[in-house]
Amino acid sequence: MGSNNIETIRALNHFDAQVPHWFLSPWFPQMTKPDIYRHSQNLENDCLYAVHEKMIQMNLSWVNYLLENAALLKAFCYWNLAIFLQKKNPNVPDIPNKIIKLALRPSLTNQRTGFWNIVFEECGSLKCIYTEELLTKENFAVEHFIPYNFVSHNLMWNLVPADKSFNCKKSDKLPSMSKHFDAFFSLQQIAIGIVRDKQPRNKFLEDYLTLFSDIGEINQLDDSFTKERFRKRIEPLISIASNNGFEFLK
């Protein structure tokens, strides 16, 4: 196999046991692994490739098909990989966007100008939930409460204004529910109320429909119930993110 490393040999043995002959099995139904390998070496049944002792040989008759349909085949593989991973990791959100990350993260400019600026115009200033520094419309950053690299989305219920310098420091760290959640919820509650009153059809209010069945519920439920609804959404995600290696703020 060209390696004396035990882990490498183990990985290659796993690959050899699972991948090459299983992929060829439609061309050689009901055959055992040694038979599939043997028959493939002559490219019988016009199989996609041949498995030799030290190499895999492509069947050239498939080259044009693979080139012409590369995008479709890649999408098919990613789709099935996403289904498999989601089934095995039901508590991890947005697995497809974790498999294929955008080269650049989407800008939060629209969330800033179309939502949080409306809140600042009404309030004048707000306290950063992490540093308690006063923030104004001119000096805040839009921050993911649960890190973007875990949730892979920019939904408004996970975004809050924060001290610019602290936002850089926080990076992919997880907030503390005991230290930061109450302030986070209060800021969200204030923001929803202001934006709903000022712009009832603001498109960013739709982001909250993953938490509430009707935006009208925000003004109809008492504080403890709405806070509990937020907590039930946020707390499990933070626990799962922690179990996946994300560190907490210190």
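- In this structure, the side chain of R196 does not engage the main chain of N202 through any donor-acceptor pair within 3.5 Å.
- The backbone N or O of L159 lies less than 3.5 Å from a partner atom in the side chain of Q188, making a donor-acceptor pair.
- With rounding to the nearest 0.5 Å, the separation of CZ in F145 from CG in L237 is 11.0 Å.
- Side-chain contact between E143 and Y130 is present, with heavy atoms from C-beta onward closer than 4.5 Å.
- Environment of CD in E247: sparse, with no more than 12 heavy atoms of neighbouring residues, nucleotides or ligands closer than 6.0 Å.
- Ring geometry, F204 versus F115: the interplanar angle exceeds 60°, so the pair is classed perpendicular (tilted spans 30 to 60°).
- Side-chain atoms of N59 come within 3.5 Å of backbone N or O of C47 as a donor-acceptor pair.
- R112 contributes no side-chain N or O that, together with a main-chain N or O of P161, makes up a donor-acceptor pair within less than 3.5 Å.
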Show which side-chain atoms of residues 21-34 pair as donor or acceptor with protein atoms under 3.5 Å away, not counting sequence neighbours.
| from | atom 1 | to | atom 2 | distance (Å) |
| --- | --- | --- | --- | --- |
| S25 | OG | W22 | O | 2.6 |
| W27 | NE1 | D46 | O | 3.4 |
| T32 | OG1 | D35 | OD2 | 3.3 |
| K33 | NZ | D16 | OD2 | 3.0 |

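- Proximity of a side-chain donor or acceptor of Q41 to a complementary backbone N or O of V51 within less than 3.5 Å is detected.
- Annotation for R231 and F181: closest pair NH2-CD2, 3.3 Å, computed over non-hydrogen atoms.
- Taking CG from L48 and CE from M58, the interatomic distance works out to 4.0 Å, rounded to the nearest 0.5 Å.
- The distance from the CE atom of M177 to the CZ atom of F184 is 8.5 Å, given to the nearest 0.5 Å.
- Taking CG from L108 and OH from Y148, the interatomic distance works out to 9.0 Å, rounded to the nearest 0.5 Å.
- Atom CD of E68 is separated from atom CG of L73 by 11.0 Å, given to the nearest 0.5 angstrom.
- Remark: the backbone N or O of D182 is paired with a side-chain donor or acceptor of S186 at under 3.5 angstrom.
- The main-chain N or O of I146 is found under 3.5 Å from a side-chain atom of N158 such that the two form a donor-acceptor pair.
- Taken from OH in Y49 to CG in L43, the straight-line distance is 12.0 Å, to the nearest 0.5 Å.
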